[in-house]
Amino acid sequence: LNQFIKENSCYFEKYQSVNKTFIHGHTLNFFNRIRYDDFFDNLVGFKKLKNFNFDICEGSYLSYCDHQILRKLRNYLDKNKNNMVIFLTINNHIPTKLISETDLLKCKNYHPLNILDQICYSFHNQVIFNNALSKFLKQLKKNELVIFYSDTPPLFPSRERIHFEDFINVYTFEKK
């Protein structure tokens, strides 16, 4: 990854001097994400996160709950440097289960959320994650950068996929 960034004058080249953290609630051996070690200062996955006693969020992959990870993310950031965090979410891989039934959105009243339980669960879980992300972003220090993205677009039958984009959204936040 580091070599690719240099050879291709990638956007990330300007972040060589900051503390770089990649975090994912699943095992980093899966899809060989461990190979990112040459670029990131902190590569955080399932093994490193186990000491926090997070809940396991059931779904397609065994993982810790993304919204809980956000609460402890500061533990992996350098207090004396600017930080760049890349957070790869996992809890909304289809099929997903409800993370919490607290404040469950009543999907039956909202189209297209009422088409399939999975669409409702994904939306509900995303709301929980977004609330945790909002709290984390309020704590950003000046010049810190956070990038998060979902692993894949949702895998629904064709007729339900019209409600989703066929690409992955990448969200970037930086406090100036």
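Residue numbers count from 1 along this sequence.
Within the structure, disulfide (SG to SG under 2.5 Å) contacts touching residues 25-68 (residues at least two apart or in different chains) are C57-C65. Applying the side chain to side chain donor-acceptor pair (under 3.5 Å) test to pairs two or more places apart or on separate chains, those with a residue in residues 128-140 are Q126-N130.
N125 and N91 share no side-chain donor-acceptor pair at under 3.5 Å. For the residue pair T21 and D41, no side-chain donor N or O sits within less than 3.5 Å of a side-chain acceptor on the partner. In summary, the side chains of Q68 and D55 do present a donor paired with an acceptor at a separation below 3.5 Å, with no hydrogens or angles considered.
Between the CD1 atom of I128 and the CG atom of L70 there is a distance of 12.5 Å, given to the nearest 0.5 Å. To the nearest 0.5 angstrom, L49 atom CG is 5.5 Å from F54 atom CZ. Rounding to the nearest 0.5 Å gives a distance of 10.0 Å between NZ of K142 and NZ of K175. Atom-to-atom distance recorded for L88:CG and H24:NE2 is 4.5 Å, nearest 0.5 angstrom. F123 contributes atom CZ, which lies 15.0 Å from atom CD of Q118 (distance to the nearest 0.5 angstrom). Rounding to the nearest 0.5 Å places CG of N19 at 4.5 Å from CG of N83.
Judged by distance alone, with hydrogens and angles left aside, the side-chain atoms of K47 form no donor-acceptor pair with the main-chain N or O of T27 at under 3.5 Å. No side-chain donor-acceptor contact under 3.5 Å links N42 to the backbone of F22. Of the possible polar contacts, one joining the H26 side chain to the L62 backbone as a donor-acceptor pair under 3.5 Å is found. Counting only distance, with no hydrogens or angles, the side chain of K141 and the backbone of K79 share a donor-acceptor pair below 3.5 Å. Side-chain N or O atoms of N80 include none that pairs as donor or acceptor with a backbone N or O of D78 at under 3.5 Å.
Under the rule for a ring-ring contact (aromatic ring centres under 6.0 Å, His included), Y110 has no partner lying at least two apart in sequence or in another chain.
Between I147 and V170 the shortest side-chain heavy-atom distance falls below 4.5 Å. The shortest side-chain heavy-atom distance between V146 and L137 falls under the 4.5 Å cut-off. With contacts defined as side-chain heavy-atom distances shorter than 4.5 Å, the pair Y64/F52 does not qualify. Put simply, the side chain of V85 does not reach to within 4.5 Å of the side chain of L145, judged on heavy atoms.
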Applying side chain to side chain contact (heavy atoms under 4.5 Å, CB included) to V44 and F40, what does each step give before you reach the verdict? CA-CA 10 Å; V44 181; F40 291 96; over 6 Å; no
Please walk me through it: do I23 and I86 pass side chain to side chain contact (heavy atoms under 4.5 Å, CB included)? CA-CA 6 Å; I23 193 157; I86 295 185; over 6 Å; no
Step-by-step side chain to side chain contact (heavy atoms under 4.5 Å, CB included) determination, F87 to F129: CA-CA 12 Å; F87 191 113; F129 177 82; 3.9 Å; yes
Walk me through it: do F46 and I56 pass the test side chain to side chain contact (heavy atoms under 4.5 Å, CB included)? CA-CA 10 Å; F46 196 85; I56 298 293; 3.9 Å; yes
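Nearest heavy atom pair, residue V18 against residue N82, reads CB-O, 3.3 Å. Summarising the geometry of L73 relative to L77, their closest heavy-atom pair is O-CG, 3.6 Å, with the distance given to 0.1 Å. Here the closest non-hydrogen pair linking K48 and Y76 is O-OH, 3.2 Å.
In this structure, E144 pairs ionically with R74, as a charged nitrogen and a carboxylate oxygen lie closer than 4.0 Å.
For K81, the NZ atom is densely surrounded, since the number of other residues' heavy atoms within 6.0 Å is greater than 12.
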